[in-house]
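Letters go in sequence order (proteins before strands), and every chain restarts at 1.
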Number of protein chains: 2
Amino acid sequence: MKWAELEENWCPVARTLTVVGDRWTLLILRDCFLGYSKFEEFAENTGATRHILASRLKRLVSTGILERTLYNERPKRYQYVLTEKGKEFAPALLAFRDWGKKHMPVRRSVSATKE
Amino acid sequence: MKWAELEENWCPVARTLTVVGDRWTLLILRDCFLGYSKFEEFAENTGATRHILASRLKRLVSTGILERTLYNERPKRYQYVLTEKGKEFAPALLAFRDWGKKHMPVRRSVSATKE
DNA sequence: TTGCTAAAGTTCCAAAATGGAACGTGAAAG
DNA sequence: CTTTCACGTTCCATTTTGGAACTTTAGCAA
């Protein structure tokens with residue numbers, strides 16, 4: 001089954017997944033809620049390759065979840081900000097966060113200092 | 001970046017995505033909440049191939065979200081049911097549902113009768 | 001005016017994941 | 001015997017992804 005077909009699914013969960021049903025998109029949105037808005041910031045914070053990042057941002061913009069706006073004229077620099085539609089995704093992200101906090105503890109036992 | 005690395009991410013959203021961050025896993029969970037529990041039911045309702053379905057179910061069981069139990073002795077038949085950990089994913093699924101209902105309307109204009 | 005840096009992408013290719021269909025298994029039913 | 005059912009597994013071609021290098025536009029420094 002292809003992505004496109006899922007868009008017409010009777011189930012709203014399935015349709016939602018056509019936009020955020022992959023490994024990186026939700027991490028980009030998380031960054032947006034944390035106040036980040038630039039390509040380089042997303043690249044660094046999410047760990048997604050620039051390649052994938054570019055395609056995900058395109059999709060988020062084309063679906064009206066993010067808006068791409070100019071923040072510097074010369075040279076042209078763009079930033080991505082949440083639209084109202086995007087902001088309304090907050091409850092889902094919070095639910096993921098809460099569930100993860102409770103049920104997905106970080107394995108790595110003690111220390112955060114390298115080893 | 002690999003899946004495994006995301007498991008140790010500081011962010012609970014990222015860690016949650018290591019389990020449900022793909023196209024099909026959430027649809028399987030949706031089915032579980034709708035009362036389905038069998039391999040064939042998931043295959044039919046989600047549209048995932050049996051191949052992928054088997055691997056996703058394995059992951060959901062290994063992460064303690066679903067439990068695989070025998071419901072028929074001979075021949076051996078198994079079913080998958082939500083654990084407490086799995087049931088607590090409900091808020092996330094509901095958030096996806098609500099967002100999808102509001103922001104991802106089904107495109108196909110009228111008729112449901114084929115064309 | 002040559003060189004370095006920065007932001008935002010794009011391009012290329014090998015590696016990994018996925019889709020689809022066929023096959024395997026154990027047991028009941030016709 | 002032959003089908004059917006439920007639950008997977010296997011195989012291979014197609015897609016998607018990861019990673020690194022490259023591109024473009026322009027400011028700033030030497």
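- For E40(A), the side chain to side chain contact (heavy atoms under 4.5 Å, CB included) partners two or more places apart in sequence, or in a different chain, are R50(A).
- Of the residues in residues 20-48 of chain A, those lying under 4.0 Å from DNA chain D by heavy-atom distance are R23(A), W24(A).
- For Y80(A), a side-chain nitrogen or oxygen approaches OP1 or OP2 of dG9(C) to under 4.0 Å.
- What separates NE2 of H51(B) from C1' of dA21(C) is a distance of 12 Å, to the nearest Å.
- In this structure D22(A) satisfies the salt bridge (charged side-chain N to carboxylate O under 4.0 Å, His left out) test together with R56(A), R59(A), sequence neighbours excluded.
- Partners of W24(A) according to the ring pair (Phe, Tyr, Trp, His ring centres under 6.0 Å) rule, which considers only residues two or more places apart in sequence or in another chain, do not exist here.
- Every residue was checked against the side chain to side chain contact (heavy atoms under 4.5 Å, CB included) condition with D98(A), not counting sequence neighbours, and none meets it.
- Other residues, nucleotides and ligands contribute at most 12 non-hydrogen atoms within 6.0 Å of the OH atom of Y36(A).
- Pairs passing the salt bridge (charged side-chain N to carboxylate O under 4.0 Å, His left out) check and including a residue from residues 74-97 of chain A, sequence neighbours excluded, read E73(A)-K76(A), E88(A)-K102(B).
- For the ring pair (Phe, Tyr, Trp, His ring centres under 6.0 Å) condition, the pairs that include at least one residue of residues 82-105 of chain A, sequence neighbours left out, are F89(A)-F96(B), F89(A)-W99(B), F96(A)-F89(B), F96(A)-F96(B), W99(A)-H103(A), W99(A)-F89(B).
- Taking a 4.0 Å limit (strictly below) on heavy-atom distances, residues 52-73 of chain B reaches DNA chain D at A54(B), K58(B), R68(B), Y71(B).
- Looking at residues two or more places apart in sequence or on another chain, you find no ring pair (Phe, Tyr, Trp, His ring centres under 6.0 Å) involving F42(A).
- With sequence neighbours excluded, no residue satisfies salt bridge (charged side-chain N to carboxylate O under 4.0 Å, His left out) with E44(A).
- With sequence neighbours excluded, the residues satisfying salt bridge (charged side-chain N to carboxylate O under 4.0 Å, His left out) with E7(B) are R107(A).
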Atom pairs under 3.5 Å: protein N/O with N/O of nucleotides 23-26 of chain C:
unit_1, atom_1, unit_2, atom_2, d
dG26(C), N2, R77(B), NH2, 2.6

